[in-house]
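Single-structure report; data block below.
Only a predicted model underlies this, so the values are computations on that prediction, with no experimental measurement involved. In each ligand, atom 1 is the first atom listed, and ligand 1 is the first ligand listed. For reference, positions follow the sequence shown, starting with 1.
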Amino acid sequence: MNKLYSALIFLCVSSLALAQRPTVDSLNNLLSGAQNDTARMNLYYNLGQAYARVNMDSSILSLNQALEYAQELQLKGSEVSISDWLGYVNLSVKDYPNTLTALTKGIEIAEDSSAVKYTSGGVLSERERISRLAVMYHRLGNLYYYIGNTNEQRKYYLKAREMAIQSLDSGTIRFSEAMLADYYLQVEKPDSALIYAQNALYISNKIDSGETWTFALLGRIYLQKGELLKSRSYLQKALVEGEFEVGYQGGIFLTLAELTYTTLDLDSALTYAKKAATIFKNRRLQNEREESYTLISKIYDKMGMPDSALVYLRRSAVLKDSLITEEKKNLMAFQNIGFGQKYKVQELEKEKIETKAEIRTYSLGAGIAVFLIVALLLFRNNQVRRKANAVLGEQKKNVEETLVELKSTQSQLIQAEKMASLGELTAGIAHEIQNPLNFVNNFSEVSNELIDEMKDEMSNGDVDEAKELANDIKQNLEKITHHGKRADAIVKGMLAHSRSGKGEKVLTNLNALAEEYLKLAYHGLRAKDKSFNADFKTDFDPDLPKVNVVPQDIGRVLLNLINNAFQACADRSQRAEHEYKPTVTIKTELTANGQQLIAISDNGPGIPPDIKDKIFQPFFTTKPTGQGTGLGLSLSYDIVKAHGGKLEVESELGKGSTFFITLPT
Ligand code: ADP
């Protein structure tokens, strides 16, 4: 397995961030004059970061001090930042247990977004919180690198990248891409590494930062790929970029040493390797130092200087030995960390998964509950609807039955009305026929007698007298013919009336029709009630053109209206008003807009305003039972409407009423 440079490089990056920070001395001075614990905490924190460049032990001490203040002051945001730094410093001195403790603590707090507050009292912005989490997950990945667990290492790098992307912070994203590139370099998958490194380079160029690291990374990737020219070019670029960044230079020099060793440029290789070794020595980076000694030994060996080679091989062996002992110690200590701590991160993960599962379970439960409630509501609704439907069904049945009853009653009543009007008609007809029949009978009898007389006169030889009598008889016969024909017309009219409703429209003179029905109505009423007496007048427009109507139907309308008019008059006359002269008037007229108007007026009691709207409704009647069906006006209304006309009423109480029939010509 190849060496991972990320931890090393990250160490350099972090040191880089310190470039602008105050020195240890100035901080120590400030510390002695600090006013309160918050100020002290901040100073220890800054001191810890400043020491990280020169003395790791002092750095750890200061940071632990800062952490104590932060915990006391309950400044969670500060706790996160300090823990992160503690993780970083402890890891760079390979103190794995403390690295894990610090990072676990930092991650635990930072995961709870609500708890995190900055030292200044301000809330750690969501973006800063996530960026910080990304960094800590990276460090955790680095820790697992040292422990030799590449699976965990990759897992936390990917987790860090996920966080970085969430943070939308280009610097953090670039960093996580570079870390993954490092990882793939470490597991000797340079092609995968190249993809991540190119991502990192793209972002570096965009934000104009982190180029040194990315160039160094690309140099190592191309070295691994065997593309030495490209590798050298990137490494030189890295050197130029990172001229003043001592931290970076160790790694770059070591890679350059490897590269020149490969190309057998042994002098350069030796120079680079020694430069690297010095830097690593100063920075107490024992692993890297050991690695550079091994390389130097190999170079001397290739140079044909076995003594020097041996010296460095020994140095390397001593370092390796102490490293192995230290590593063992560290690893042992790591193994010995309490179960709770060691697996805290895993637990955190597990907890998260469990929480998710819980949420899912609760959601499912809630979903089922909602479903049940909805189902229950639907079921209830359904039942209510069913009940309502049953009630509605019952009501519908009742209504239908009522409707059937009503229809039969209606047809009975219509029949009754027809019979009634037929009755009235028959009475009128009977009277009308009776009259000519009387004439016919009388004239025949008289003629019979006259013939006997004529016979006698002829026997007597009085021819003149006989001739006189013959003339009388002739006149009588003419009268008989006249009245016979009259009766014939009446019978024909009656037959026509009996066919009413099915009749065809014929051109009709409304004056004649009105006259005929006026007489029929009058005599009908007179036939029923001998005491009935009323005057009637006609005011016919002689120029009224014939109109296309069904005469029987319009006749029925006239009969209804005239009957009503006479009955109204009769009503009033019964109240024995002295000077009351019951009169019904029928007037016809051609209106200005060419319509035919028949107005039937009476001087009866008039129609009370409150029933005026109801009189055209079927079955509305104010007459005593048996006398009125309440259908006359409604039928009349329908007939007139069927002819395209209008039936209207005007009435004044105590003065009388007028019904207007308007028909289109
Ligand atoms: P009916 O004559 O059998 O009562 P109608 O439909 O012909 O049925 O008339 C309905 C009602 O209108 C009558 O009962 C009466 O109250 C009122 N009515 C109709 N014509 C007149 C009129 N000329 N004068 C006063 N009231 C009338």
Problem set entry | D602 touching ligand 1 at heavy-atom level, < 4.0 angstrom | yes
Exercise. Where on F616 is there a heavy atom closer than 4.0 Å to ligand 1, on the side chain, on the backbone, on both, or on neither?
Worked result: neither
Exercise. Mind checking whether N564 has an N or O less than 3.5 Å away from an N or O of ligand 1?
Worked result: yes
For this session: Using heavy-atom distances, let me know which of N563, L561, I615 sits nearest atom 17 (C) of ligand 1.
Result: I615
For this session: Flag the pair E589 and K587 as a salt bridge only when some basic side-chain nitrogen lies within less than 4.0 angstrom of an acidic carboxylate oxygen.
Result: yes
For this session: Take the angle between the ring planes of F566 and Y522 and call it parallel below 30°, perpendicular above 60°, tilted in between.
Result: tilted
For this session: Mark up the atoms of ligand 1 that fall under 4.0 Å of a heavy atom belonging to S657, in ascending order.
Result: 24 (N)
For this session: Measure from NZ or CZ of K479 to the centre of the six-membered ring of F443 and say whether it is under 6.0 Å with the direction within 45° of the ring axis.
Result: no
Exercise. Using 30° and 60° as the class limits, which term best fits the ring planes of H138 and F175: parallel, tilted or perpendicular?
Worked result: perpendicular
For this session: Report yes if K623 has an N/O atom closer than 3.5 Å to an N/O atom of ligand 1; otherwise report no.
Result: yes
Exercise. Taking L590 as the fixed residue, which of D543, V547, T665 is the one that meets the side chain to side chain contact (heavy atoms under 4.5 Å, CB included) rule?
Worked result: T665
For this session: Give a yes or no answer on whether the side chain of H643 reaches the backbone of V550 with a donor-acceptor pair at less than 3.5 Å.
Result: yes
For this session: Can you figure out which of Y637, F566, F620 has its heavy atom closest to atom 11 (C) of ligand 1?
Result: F620
For this session: Go through ligand 1 atom by atom and flag the ones less than 4.0 Å from a non-hydrogen atom of L633.
Result: 5 (P), 6 (O), 7 (O), 9 (O), 12 (O), 19 (C)
